Amino acid sequence: MLARVLRVPELRRQLLWTVLVVVVFRLGQNLPLPGVRGGAADEAAAGGDGGGGPLQGLVELLTGGGLGGLSVFAFGTAPVIAARLVMQVVSPLVPRVRVLRAAGEQGAAVIARVTRWLAVLLAAGFAVVVVGAVTDGGCVPLTDVCASGDSSLLHARADGLLVRVALVACMTAGTAVVVLLGGLITARGVGEGFSVLFLAQIAAVVPGQVLSAARETGGTRGAVVLLLVAVALVVMVAMVIAVQQGDRRIPVQRAKRMIGRRLHGATPTYVPVRGGQGGFGVMVPASLLLLVPAPVGPWLLLPYVLVVFAHAWLRAGIEPGAVELADRLKGSGLFIPGIRLGRPTAEYIQYVQVRIGLIAALCMTAVALVPVLTLLALDGPAGRFALSATTLLITASTALGTARPAARRMESLAMMRRHEPTLR
């Protein structure tokens with residue numbers, strides 16, 4: 001597939017755009033803010049305990065390490081993720097947003113523009129908090145970066161109100177540039193822009209966390225850490241793909257009709273009924289329960305499992321509705337052999353959906369337990385290096401959500417290119 005993709009000039013340009021934007025994004029996450037001493041953040045982090053705990057590691061994952069390094073793109077894609085979560089929460093509550101969601105592409109464009117502005121405003125608020133903490137206390141919030149002794153993260157002359165305003169402006173402008181880079185990938189590159197940038201963050205942070213945990217463990221057990229984490233990610237992605245692609249094919253037929261002197265119809269076909277379409281949707285927020293410090297955290301494993309199971313089962317049962325599907329079959333002249341049209345058909349489809357939904361919910365619950373069991377098997381310094389269930393779930397979900405749409409798009413463009421001579 002890769003060779004066929006690279007033969008298409010348009011795809012080569014899109015891939016080049018994506019790579020260039022990702023390189024600029026990572027450079028911005030490693031470029032320190034004006035007034036920050038070169039290497040000060042690394043020295044402060046090296047002077048700490050080297051771990052930071054699961055919460056600090058999660059912050060590092062969401063910001064790509066930019067916050068701990070006090071870089072121009074300090075917040076990475078975190079403001080965009082927060083803005084999207086806010087819009088998802090308020091959409092059922094605000095009538096105007098509901099109208100925009102129902103307005104098709106024009107409404108989606110308005111919502112996207114509001115989300116971008118909201119991300120910049122959130123970044124400005126975050127920047128005020130971070131700059132205040134750095135200038136007053138010498139520590140970067142939600143990280144293990146703190147100035148030791150009489151040293152400071154900023155230059156000696158970097159003091160005063162004007163410096164604070166400049167730092168806030170730079171961090172806010174950095175988020176605005178990140179929003180622009182995400183839009184460039186969406187418009188001219190491959191895949192959804194912010195998903196690609198978030199995946200770049202993960203690729204830059206997670207390997208370092210895994211290697212740190214392996215070095216801390218040492219010896220053969222360090223290699224076991226690497227192997228278990230890699231196997232856990234592969235197993236989670238494979239199980240989710242298998243559940244999402246699996247379906248129960250209900251056989252249907254079309255009633256026989258006489259057209260002229262020929263008898264048409266009775267051609268067998270099927271209607272697919274699927275479950276587990278929610279993917280990792282609720283696992284990531286539900287896994288935040290496991291970040292509660294012990295001894296409360298272990299007792300929250302049962303609510304975590306119940307939330308994932310209930311969400312997967314309910315979602316599988318409502319997409320699509322049995323009554324709506326039965327009505328569509330009736331309107332199309334299709335019927336299930338041995339089942340009467342109308343209510344009996346709807347009851348049979350609902351019966352199948354319940355069974356498929358139960359199996360899918362059990363499989364998704366097993367997926368949610370894979371990172372937890374992996375961490376229990378490690379039983380070492382993994383928690384201090386943020387190899388939490390949330391981290392593994394975010395990594396797997398982002399990789400799956402970014403790679404599959406991008407692969408479908410590239411395959412579609414390559415196929416159009418191959419059949420272009422026959423379409424002229």
Side-chain angles (χ1 to χ4, degrees), residues 1 91-92 98-108 237-282 308-367 400-401 403-416 418-419 422-423:
M1 174 182 174
S91 59
R98 291 202 302 268
V99 172
L100 290 174
R101 286 190 176 277
E105 294 183 0
Q106 294 182 350
V237 173
M239 290 181 67
V240 170
I241 292 177
V243 173
Q244 289 183 342
Q245 296 299 320
D247 55 31
R248 166 69 162 86
R249 298 182 176 182
I250 301 178
V252 295
Q253 291 183 356
R254 189 179 300 276
K256 297 180 180 180
R257 295 179 299 173
M258 288 293 298
I259 301 179
R261 296 183 178 181
R262 293 186 178 181
L263 182 64
H264 295 267
T267 303
T269 182
Y270 64 88
V271 174
V273 177
R274 294 178 176 178
Q277 299 304 303
F280 292 93
V282 77
V308 173
F309 176 81
H311 177 270
W313 195 5
L314 291 175
R315 178 151 186 169
I318 63 175
E319 292 185 358
V323 177
E324 291 80 359
L325 183 55
D327 291 341
R328 288 204 299 267
L329 291 176
K330 184 178 180 180
S332 302
L334 297 171
F335 66 94
I336 302 175
I339 306 295
R340 298 181 61 184
L341 295 175
R343 183 176 177 181
T345 299
E347 291 177 349
Y348 177 77
I349 294 175
Q350 186 176 14
Y351 168 73
V352 174
Q353 284 181 336
V354 169
R355 295 173 62 192
I356 295 295
L358 178 60
I359 297 174
L362 291 175
C363 292
M364 300 308 290
T365 305
V367 172
L400 180 62
R404 291 181 65 189
R408 285 197 297 265
R409 181 176 178 181
M410 290 190 295
E411 182 69 19
S412 175
L413 289 175
M415 187 171 296
M416 289 177 60
R418 184 173 60 186
H419 294 287
T422 63
L423 297 176

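Since the structure is predicted, the reported quantities are computational estimates derived from the model, not experimental observations.
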> Can you tell me how far apart OG1 (T345) and CD1 (I250) are? Round to the nearest 0.5 Å.
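It comes to 9.5 Å.
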> Would you list the atom pairs, donor with acceptor, under 3.5 Å between side chains in residues 354-365 and any protein atom, with sequence neighbours excluded?
| residue | atom | partner | partner atom | Å |
| --- | --- | --- | --- | --- |
| R355 | NH1 | Y351 | OH | 3.4 |
| T365 | OG1 | A361 | O | 2.7 |

> Working to the nearest 0.5 Å, report the span between CG of L329 and CD of Q253.
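Separation between the atoms: 12.5 Å.
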> With sequence neighbours left out, write down each residue that passes salt bridge (Lys or Arg N to Asp or Glu O under 4.0 Å) with R340, or none if nothing qualifies.
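For R340, no residue satisfies salt bridge (Lys or Arg N to Asp or Glu O under 4.0 Å) once neighbours in sequence are set aside.
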> Are any non-hydrogen side-chain atoms of I349 and I336 less than 4.5 angstrom apart?
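Answer yes - side chains close enough.
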> Please identify each residue that fulfils side-chain contact (heavy atoms from CB on, under 4.5 Å) with A346, with sequence neighbours left out.
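Testing A346 for side-chain contact (heavy atoms from CB on, under 4.5 Å), a comparison that skips the adjacent residues, returns V323, A326.
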